[in-house]
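One structure is given below, encoded as structure tokens.
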Amino acid sequence: MAKVKKLIKNIRVDADRCNGCRGCEIACSAFHAEPKYSSVNPARSRIRILTHRLKDIWLPVFAGEYTPTECAGRDIYTIDGKEYEECAFCRAACPSRDMFKEPDTGLPLRCDMCEGEDEPLCVKWCLNDVLVFEQREEWVEEESEAKRQEQLDVGLESLADKYGRDKLMDAVARMNAKD
Ligand code: SF4
Ligand code: SF4
């Protein structure tokens, strides 16, 4: 299969520096408001701060893939004496929690690295340098158009099963209007 150069973007998280100010949630939700910057609602943010004051835990977590089925096996981590809850490091929008779901429709949210922006908004507005944006180029195998379409179909089918076709069509219409 042919190889193509791909730009890999990632955000390095230094969780020990986070003080839970939630500036990142505010910036992300404002950027993704409709119209842009018209409102602030952290429930719409693609980054959420998992907090546990008594344990001194402030953990930034980014929205990742949607999954239609909640997992049956979960993990508890203890790092530097702090115990992190079962779903702490998970990035998925899944049926067992409300995190990373659009509050009005329940549709899953996913971090888009603020597509089109030079620097992700959460990185820009984190004044404690918890979040550091990095980019690199990698050679990867080119995905065929058929494979891409197959993945898209599977994703849409799962969303339609979970949220109903009407809600899904409504969300797609709103996204098109945004474009
Ligand atoms: S990179 Fe952009 S979309 Fe992703 S969490 Fe940060 S502000 Fe939100
Ligand atoms: S803006 Fe930075 S310090 Fe504030 S909650 Fe987000 S990651 Fe933590």
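Read the numbers this way: they start at 1 and go in the same order the structure lists the ligands and their atoms.
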Return the closest protein heavy atom for [atom] as residue, atom name and distance.
| atom | result |
| --- | --- |
| atom 6 (Fe) of ligand 1 | Cys122 SG, 2.3 Å |
| atom 2 (Fe) of ligand 1 | Cys114 SG, 2.2 Å |
| atom 3 (S) of ligand 1 | Asp112 OD1, 3.0 Å |
| atom 8 (Fe) of ligand 1 | Cys28 SG, 2.3 Å |
| atom 4 (Fe) of ligand 1 | Cys111 SG, 2.4 Å |

Parallel, tilted or perpendicular, judged at 30° and 60°: which one describes the rings of Tyr37 and Phe31? perpendicular
Part of [X] within contact of ligand 1 (heavy atoms, under 4.0 Å):
| X | result |
| --- | --- |
| Phe31 | neither |
| His32 | side chain |
| Arg46 | both |

Residue pair Leu156 / Leu168: nearest heavy atoms and the distance that separates them: O-CD2, 3.8 Å
Looking only at non-hydrogen atoms, find the nearest pair between Leu50 and Ala88 and report the distance. CD1-CA, 3.6 Å
Would you check if the side chain of Asn41 reaches a backbone N or O of Ala43 as a donor-acceptor pair within less than 3.5 Å? yes
For the residue pair Ile47 and Leu131, establish whether any side-chain heavy-atom pair is separated by less than 4.5 Å. yes
Answer yes or no: is there an ion pair linking Glu119 with Lys124, defined by an N-O contact shorter than 4.0 Å? no
Within a distance under 4.0 Å of any heavy atom of Pro120, pick out the atoms of ligand 1 and give their elements. 1 (S)
Should you measure from each heavy atom of Ile47, which atoms of ligand 1 turn up under 4.0 Å away? 5 (S)
Residue that, paired with Cys24, satisfies side-chain contact (heavy atoms from CB on, under 4.5 Å) out of Pro42, Pro120, Pro60, Cys122: Cys122
Here the salt bridge (Lys or Arg N to Asp or Glu O under 4.0 Å) pairs for residues 94-114, sequence neighbours left out, are Arg44-Glu102, Arg44-Asp104, Glu65-Arg110
Do Val40 and Met99 belong together in a cluster built from hydrophobic side chains that touch within less than 4.5 Å? no
Considering residues, nucleotides and ligands other than Glu134, do more than 12 of their heavy atoms fall under 6.0 Å from its CD? yes
Would you indicate whether Lys55, at its atom NZ, is surrounded by more than 12 heavy atoms from other residues, nucleotides or ligands within a distance under 6.0 Å? yes
What protein N, O or S atoms come within a distance below 2.8 Å of atom 4 (Fe) of ligand 2, ordered by chain and number? Cys21 SG
